[in-house]
Asks: 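The structure follows.
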There are 2 protein chains.
Amino acid sequence: MHIAREDAIVSAVNRLLAEKGFEAMTVDEVAAEVGIAKASLYKHFPSKEDLAAAAMVRVMDRARAFLDTLDAQRPPLEQLREVARWTMAVQLAGEMPSLPSENSSLRAALTTNKAYVDGLMDVSDRLGAWITAAQADGSLNSALPPIAVLYTLYARACDPVLGFLKGAGLYSNEQIIDMVLSTCFDGLRKR
Amino acid sequence: MHIAREDAIVSAVNRLLAEKGFEAMTVDEVAAEVGIAKASLYKHFPSKEDLAAAAMVRVMDRARAFLDTLDAQRPPLEQLREVARWTMAVQLAGEMPSLPSENSSLRAALTTNKAYVDGLMDVSDRLGAWITAAQADGSLNSALPPIAVLYTLYARACDPVLGFLKGAGLYSNEQIIDMVLSTCFDGLRKR
DNA sequence: GTCTATAAGTGGATAGAC
DNA sequence: GTCTATCCACTTATAGAC
């Protein structure tokens with residue numbers, strides 16, 4: 001009923017955000033995709049920003065659920081690689097919302113959304129633990145500040161290289177992910 | 001006179017595109033920054049897309065001019081590294097237009113703009129030659145298709161990691177560029 | 001809660017005088 | 001070529017009936 005409908009709304013928002021981004025997505029489209037009137041949407045979510053925030057909260061929840069499935073016994077660098085693989089798979093599946101990274105009304109709305117911020121903090125803490133562990137065991141470059149590693153991993157979720165390579169039409173999704181994983185962890189230089 | 005004014009227009013467009021992106025930039029803002037009426041703008045450029053295309057053509061010209069300054073005697077991998085460094089410096093200086101990479105009216109306008117396409121092809125050809133040379137001399141990972149390397153380098157021009165690290169406020173522009181250069185060419189894994 | 005209808009505002013583009 | 005003034009399509013958001 002109520003929850004199911006809001007779930008359908010968030011699904012539509014998530015898909016449209018992945019396809020066109022926040023600015024190009026219109027509330028009319030969301031309502032049309034859900035099959036309800038626009039005014040009804042606003043009974044569930046008070047603004048377009050809140051719609052996008054709800055989609056981001058869901059993605060963050062999906063990420064945390066994925067982290068829960070990982071085998072805690074495996075080496076930390078492997079965990080990080082699996083996380084990067086997952087984010088790229090989500091993006092290639094057309095399920096990763098694409099948001100403006102700066103100077104937007106959406107940024108302010110997101111930073112004041114407790115559910116989103118809490119989720120982001122949780123994910124960052126878990127990744128941060130693996131990063132420091134991987135640097136301690138010598139598998140990750142210790143010259144890089146952990147924050148730079150964290151951002152580099154987050155950036156895989158919106159890497160335009162995935163879309164470019166997909167557009168080239170020469171490689172499967174798995175090949176694309178493997179190539180970008182290679183550039184991310186092994187670098188362009190020959191090992 | 002005419003040329004100087006159009007140059008001022010393109011400069012304003014370039015700055016606003018770097019600051020806010022194509023969709024968030026309004027033609028009113030461009031006119032206000034140049035100090036002329038909006039209708040006058042449209043005497044010089046027939047559409048907002050053409051404004052952005054002109055900015056992209058200028059960036060492409062700047063890139064080609066930079067390529068001309070490189071010492072052709074140096075190893076190809078060094079050339080590629082210098083190109084990546086340059087694109088990141090331009091971005092950090094707030095002079096790199098940020099455009100939607102897909103599904104936009106702008107994409108169509110750009111692909112039919114001969115000056116832009118020619119410039120892009122020229123740059124791609126020059127980078128492509130260095131890429132294959134670097135793979136031949138063993139300095140660049142030969143398992144990666146050259147197109148994947150090319151896109152990876154292009155992506156440095158719009159890498160959100162630069163802005164994230166700048167926002168952290170802990171590092172200088174030079175440090176940020178060196179870190180991202182390291183992750184790009186050497187990878188996250190320990191060497 | 002859902003709907004139709006519309007308010008309120010914005011942005012790209014243009015008409016027409018000078 | 002530049003200006004003022006305006007048009008028109010579109011978008012977010014809301015009012016009010018059911």
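Just so we're on the same page: letters track the sequence lines, and every chain starts at 1.
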Asks: Please give, in whole Å, the distance from C/dT2 C1' to A/His2 NE2?
Replies: 13 Å
Asks: Would you kindly give the CG-to-C1' distance between B/Asp50 and C/dT14, to the nearest whole Å?
Replies: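 Value for this atom pair: 16 Å.
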Asks: Under 4.0 Å: is that the gap between some side-chain N or O of B/Ser40 and OP1 or OP2 of D/dC3?
Replies: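 Answer yes for this pair, as a side-chain N or O of B/Ser40 is under 4.0 Å from OP1 or OP2.
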Asks: If you check every side-chain atom of B/Thr26, which of D/dA13, C/dG11, D/dC3 has the closest atom?
Replies: C/dG11
Asks: Does the plane of the ring in B/Trp86 sit parallel, tilted or perpendicular to the ring in B/Phe66? Use 30° and 60° as the thresholds.
Replies: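 Aromatic pair B/Trp86/B/Phe66 classed parallel.
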Asks: Using atom CE of B/Met25 as one end and atom P of C/dA13 as the other, report the distance to the nearest whole Å.
Replies: 10 Å
Asks: Choosing from D/dT12, C/dT2, C/dG11, which nucleotide comes nearest the side chain of A/Lys43?
Replies: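 Within the option list, the nearest is C/dT2.
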Asks: Distance check: side-chain N/O of B/Tyr42 vs OP1/OP2 of C/dA13, anything under 4.0 Å?
Replies: yes
Asks: What integer distance in Å separates B/Leu106:CG from C/dG12:C1'?
Replies: 15 Å
Asks: Determine whether B/Ser139 and B/Asp137 satisfy the following criterion, side-chain hydrogen bond (donor to acceptor under 3.5 Å, both in side chains), listing intermediate values before the conclusion.
Replies: CA-CA 6 Å; B/Ser139 57; B/Asp137 74 19; 2.6 Å; yes
Asks: Of the non-hydrogen atoms in A/Leu140 and B/Leu188, which two are nearest, and what is the gap between them?
Replies: CD1-O, 3.3 Å
Asks: Using the side-chain heavy atoms of B/His44, tell me which of these nucleotides is nearest: D/dT2, D/dG1, D/dT4.
Replies: D/dT2
Asks: Taking atom P of D/dC3 as reference, at what distance in whole Å does atom NZ of B/Lys38 sit?
Replies: 13 Å
Asks: Please report, rounded to the nearest Å, how far the P atom of C/dG1 is from the CD1 atom of A/Ile36.
Replies: 11 Å
Asks: When the nearest nucleotide of DNA chain C is assigned to A/Leu41 and to B/Val27 on a heavy-atom basis, which residue is associated with the more 5' position?
Replies: A/Leu41
Asks: Is there a donor and acceptor pair, one atom on the side chain of B/Lys48 and one on the base of C/dG11, closer than 3.5 Å?
Replies: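 A donor-acceptor contact between them is absent.
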Asks: Of A/Glu23 and A/Ala39, whose nearest nucleotide on DNA chain D comes first from the 5' end?
Replies: A/Glu23
Asks: Return the value, rounded to whole Å, for the distance between atom CG of A/Leu51 and atom P of D/dT11.
Replies: 15 Å
Asks: Counting heavy atoms from C-beta on, name the nucleotide in C/dT2, D/dA13, D/dT2 closest to the side chain of A/Ser47.
Replies: D/dA13
Asks: Atom OG1 of A/Thr111 and atom CG of A/Asn113: how far apart are they, to the nearest 0.5 Å?
Replies: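 A/Thr111 atom OG1 to A/Asn113 atom CG measures 9.0 Å (nearest 0.5 Å).
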Asks: Can you tell me how far the NE2 atom of A/His2 sits from the NE2 atom of A/His44, to the nearest 0.5 Å?
Replies: 5.5 Å
Asks: Roughly how many Å is it from CG in A/Asp28 to C1' in D/dT12, rounded to a whole number?
Replies: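 Going from A/Asp28 (CG) to D/dT12 (C1'), I get 8 Å.
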